[in-house]
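The block underneath contains the structure these notes are about, expressed in structure tokens.
Remember, predicted model here, so these are calculated numbers, not experimental data. Labels below follow one simple rule: chain letters A, B, ... track the order of the sequence lines, proteins then strands, and each chain is numbered from 1.
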Amino acid sequence: MNRTLIKDALTDAVVGSEITVAGWVRTVRNHKGKNRFSFITLNDGSCLATIQAVADPKLSNYESEVVHLTAGCSVVVTGKLVESQGKGQSVEMQVDEVRLLGAADAEVYPIQQKRHTFEFLRTQAHLRTRTNTFGAVARVRNVICAAIHEFFQSRGFLYVHTPIITSSDCEGAGEMFRVTTLETGRDDFDADFFGRRTSLTVSGQLEAETYACSLGSVYTFGPTFRAENSNTPRHLSEFWMVEPESAFCDADDNADLAEDFLKHIFSSVLQRCGEDMEFFNKWIDKGVIETLTHVAESEFVRLTYTEAIEILQKAGRKWEFPPEWGNDTQTEHERYLTEEKFQRPVILTDYPSTIKPFYMRLSDDGKTVAAMDVLVPKIGEIIGGSQREERLDVLTERMKAQGLNPDDYWWYTDLRRYGTVPHAGFGLGLERTVQFVTGMSNIRDVIPFPRTPRSAEF
RNA sequence: UCCCCGAUAGCUCAAUUGGUAGAGCGAGCGGCUGUUAACCGCUAGGUUGUAGGUUCGAGUCCUACUCGGGGAGCCA
């Protein structure tokens, strides 16, 4: 079909030209007096805006089809693009032909011409992208993904595909989903498909490190799985994660990379998703454009964990969990730092070794590791990463201290045995990034088909 | 997993503290000379989340469960 995208019809097409558009009816307004005609608004997903098509009774199917069109019908409309007589739009279509592809029974079509709650639309995830909000989320998510690839490709990072099914446990990342062909209740892994215990990956980091330690700078970008019973607006059982890993890179380089990376994503969205971002700014999160612009232009705050604890202790407020060196920072602490004290992203570094996993590099003080968390307002932790432990003896000691058997990680320790190099990386949660950028408050509304405990419809 | 709140028409919500289940939107029909969350009129639409209990009587009170929301933990 030689069709014009509505996005192009509204911006590029020449007034007076004959065009064909195809899409789904959003609304129909029929005037049934002496002078009969109908306004049909159409959306095809190419942009937020709809195009208005004006149809009159001269159409052969006017009585039989056009006046009966309702929200959700799919149609192909051919006509002349003309200046609009109305005030809501600059151009519209004077219709020559309306071809109905698929009707949508208005009695039962779930997406009505009215506001719906996100909770309801979540039960209609297969149709919710026909609404303004979810169409906009989909387009912004796409631009974020494109920006991610552009950023790393332009810096010479290699895109590597780490396995979804894994036998390694990226310690500290969370509970894993078992992958098995055995019947329920059996756990004799010898008889299982892979002849050993396997799970869905919780992180591609360990595998990515192997590529970094031969190819330099790499990144993975794919789905990850956590079997945690987390019921919050910030957690999913299946989510997408970007994980760069760079050889010859220390903790400072790593933090620089994370900051540049986020800024590139934010400015890309501001540049390319103007219409959608205006929508979010108006209806979802007033001020989100200003926040993003501010974040894209200003320096992130960098603090060590130790400095952060001091700031929190001197904050002069009552904490539910009083900050104390050696305990992990709480949500209330992170919110104070990003939303009140600094009002922008904060990079926290050098956490106590006791609260971080074995692969993070032990610092000279013997107490902290070269960890890095990037915290943003409202969402909290959006990036977690570290410089990795490149010294074989220190690494195996820390594994043992955390109750792990270094033999199980023989290939991982081999990287330190043969030509070890300092290297570092981090993981960015894609959905949390989409949340931050759009202002959407629930993570289940920024992924097409959310998986959460007791919920895997579609 | 823990704490708090909720579930009533297709959707969003009422129901005077236990006494005849209503409205708006949406839908159908009719009207309207340019509308755009169109407007005006009429009509239809209900096993009050599920299962039990208390009571002459339960949308309302009690118990359990399911689902949803907010907060916390785990984390990205």
Task: Residues Asn254(A) and Asp256(A): side-chain donor-acceptor under 3.5 angstrom - done: no
Task: Footprint string (nucleotides 43-51 of chain B, 5' to 3'): B base within contact, S backbone only, - free, heavy atoms under 4.0 Å - done: ---------
Task: Distance-only polar pair, side chains of Thr27(A) and Thr41(A), donor-acceptor under 3.5 Å - done: yes
TODO: Sequence neighbours left out, what pairs pass salt bridge (Lys or Arg N to Asp or Glu O under 4.0 Å) with at least one residue falling in residues 332-347 of chain A?
DONE: Arg317(A)-Glu340(A), Arg335(A)-Glu339(A)
Task: Euclidean distance, atom CD of residue Glu381(A) to atom P of rC74(B) [Å, nearest integer] - done: 10 Å
Open item on the list: In whole Å, I'd like the distance from the CG atom of Asp373(A) to the P atom of rC74(B).
Closed with: 12 Å
Task: Those residues that, when tested against His264(A), pass ring pair (Phe, Tyr, Trp, His ring centres under 6.0 Å) (two or more places apart) - done: Phe151(A)
Task: Asn35(A) side-chain proximity, nearest of rG73(B), rG34(B), rU33(B) - done: rU33(B)
Task: Check: Tyr219(A)/Gln153(A) side-chain N/O donor and acceptor closer than 3.5 Å - done: yes
Open item on the list: Stem finding on RNA chain B, please: runs of three or more consecutive Watson-Crick or G-U wobble pairs, both distances under 3.5 Å, sorted by first number.
Closed with: B:1-7 with B:66-72, B:10-13 with B:22-25, B:27-31 with B:39-43, B:49-53 with B:61-65
- [ ] May I ask you to decide if Lys282(A)'s main-chain N or O and Lys286(A)'s side chain share a donor-acceptor pair within less than 3.5 Å?
- [x] yes
- [ ] Assign Thr232(A) to base, sugar-phosphate, or nothing according to its heavy-atom contacts below 4.0 angstrom with the strands shown.
- [x] base
Open item on the list: Can you tell me which nucleotide in rU12(B), rA72(B), rU35(B) comes closest to the side chain of Glu92(A)?
Closed with: rU35(B)
- [ ] Please list all pairs passing the salt bridge (Lys or Arg N to Asp or Glu O under 4.0 Å) test where one or both residues lie in residues 346-358 of chain A, with sequence neighbours left out.
- [x] Lys356(A)-Asp373(A)
Task: d(NZ, Lys356(A); C1', rC74(B)) in whole Å - done: 12 Å
Task: Distance-only side-chain donor-acceptor flag, Arg388(A) / Ser386(A), under 3.5 Å - done: yes
TODO: Provide, to the nearest angstrom, the distance between the CZ atom belonging to Arg36(A) and the C1' atom belonging to rG30(B).
DONE: 12 Å
Task: Aromatic ring of Phe239(A) stacked on base six-ring of rA76(B), 5.5 Å, 30° - done: yes
Open item on the list: Under the criterion side chain to side chain donor-acceptor pair (under 3.5 Å), I'd like the reasoning laid out for Glu243(A) against Ser203(A): C-alpha separation, chi angles, the key distance, then a yes or no.
Closed with: CA-CA 8 Å; Glu243(A) 295 175 284; Ser203(A) 166; 2.6 Å; yes
Open item on the list: By nearest atom, which of the nucleotides rC74(B), rG68(B), rA76(B) is closest to the Arg122(A) side chain?
Closed with: rG68(B)
Task: Side-chain donor/acceptor of Arg432(A) to base of rC75(B), under 3.5 Å - done: yes
Task: Positions of residues 326-338 of chain A (non-hydrogen atom under 4.0 Å from RNA chain B), listed by number - done: Gln330(A), Thr331(A)
Please output the side-chain donor-acceptor pairs of residues 49-57 of chain A that fall under 3.5 Å, not counting sequence neighbours, one pair per line with the distance.
from	atom 1	to	atom 2	distance (Å)
Gln52(A)	OE1	Arg29(A)	NH2	3.2
Gln52(A)	NE2	Glu92(A)	OE1	3.0
Asp56(A)	OD1	Lys58(A)	N	2.9

TODO: Answer with base, sugar-phosphate or nothing: what part of the nucleic acid does Asn30(A) contact at a heavy-atom distance below 4.0 Å?
DONE: base
Task: Polar side-chain contact Ser230(A)-rC74(B) base: donor and acceptor under 3.5 Å - done: yes
TODO: Please work out whether the ring planes of Phe221(A) and His149(A) are parallel, tilted or perpendicular, with thresholds of 30° and 60°.
DONE: tilted
Open item on the list: Does anything in residues 121-146 of chain A form a salt bridge (Lys or Arg N to Asp or Glu O under 4.0 Å)? List the pairs, not counting sequence neighbours.
Closed with: Arg122(A)-Asp445(A), Arg128(A)-Asp445(A), Arg139(A)-Asp276(A), Arg141(A)-Glu431(A)
Open item on the list: Does Arg26(A) reach a base, just sugar-phosphate, or nothing at all? Heavy atoms under 4.0 Å.
Closed with: nothing
Task: Per Asn442(A) side chain, nearest of listed nucleotides rC74(B), rG34(B), rG69(B) - done: rG69(B)
- [ ] Mark yes or no for a side-chain to base donor-acceptor pair under 3.5 Å between Glu119(A) and rU12(B), with no hydrogen or angle criteria applied.
- [x] no
Open item on the list: Under a 3.5 Å threshold, yes or no: a donor from one side chain and an acceptor from the other, between Ser38(A) and Tyr62(A)?
Closed with: yes
Task: No-H, no-angle donor-acceptor pair, His116(A) side chain to rC11(B) base, under 3.5 Å - done: no
Task: side-chain N/O His31(A) vs rG34(B) OP1/OP2, d < 4.0 Å - done: yes
Open item on the list: Does the protein touch nucleotides 22-27 of chain B at the base, only the backbone, or not at all? Give it as B, S and - per nucleotide, heavy atoms under 4.0 Å.
Closed with: --BBSS
Task: First of Thr452(A) and Ile443(A) reached from the 5' end of RNA chain B, by closest nucleotide - done: Thr452(A)
- [ ] Please determine, for the side chain of Arg226(A), which listed nucleotide (rC75(B), rU12(B), rG69(B)) has the closest atom?
- [x] rC75(B)
Task: Nearest-nucleotide comparison on RNA chain B, the residue closer to the 5′ end among Trp240(A) and Arg444(A) - done: Arg444(A)
Task: Between Asn132(A) and Arg26(A), a side-chain donor and acceptor under 3.5 Å - done: yes
Task: Atom-pair distance (CD on Gln124(A); P on rG68(B)), nearest Å - done: 14 Å
TODO: Indicate whether the side chain of Thr224(A) and that of Trp240(A) have a donor and an acceptor atom separated by less than 3.5 Å.
DONE: no
TODO: Decide whether His235(A) and Thr232(A) meet the rule of one side-chain donor and one side-chain acceptor closer than 3.5 Å.
DONE: yes
Task: Of all pairs that satisfy side chain to side chain donor-acceptor pair (under 3.5 Å), the ones with a partner from residues 70-83 of chain A, not counting sequence neighbours - done: Thr20(A)-Thr78(A)
- [ ] May I ask you to list the residues of residues 41-68 of chain A, by number, that have any heavy atom positioned under 4.0 Å from an atom of RNA chain B?
- [x] Gln52(A)
Open item on the list: Classify Ile379(A) by what it touches in the nucleic acid, base, sugar-phosphate, or nothing, heavy-atom distance under 4.0 Å.
Closed with: nothing
Open item on the list: Rounded to whole Å, how long is the line connecting atom NZ of Lys87(A) with atom C1' of rU35(B)?
Closed with: 12 Å
TODO: For Gly86(A), report the nucleic acid contact type (base, sugar-phosphate, nothing); a contact means any heavy atom under 4.0 Å.
DONE: base
- [ ] Using whole Å, report how far CG of Asn231(A) lies from C1' of rC4(B).
- [x] 15 Å
Task: Atom C1', compared across rG6(B) and rU48(B): separation rounded to whole Å - done: 14 Å
Open item on the list: Can you tell me which nucleotide in rG34(B), rU66(B), rA76(B) comes closest to the side chain of Arg454(A)?
Closed with: rU66(B)
Open item on the list: Among Phe449(A), Phe134(A), Phe458(A), which residue satisfies the ring-ring contact (aromatic ring centres under 6.0 Å, His included) criterion with His126(A)?
Closed with: Phe458(A)
Task: Listed partners of Phe280(A) passing ring pair (Phe, Tyr, Trp, His ring centres under 6.0 Å), at least two apart - done: none
Open item on the list: In whole Å, I'd like the distance from the CZ atom of Phe225(A) to the C1' atom of rC74(B).
Closed with: 19 Å
Open item on the list: What's Pro233(A) touching, base or sugar-phosphate or nothing? Going by heavy atoms closer than 4.0 Å.
Closed with: sugar-phosphate
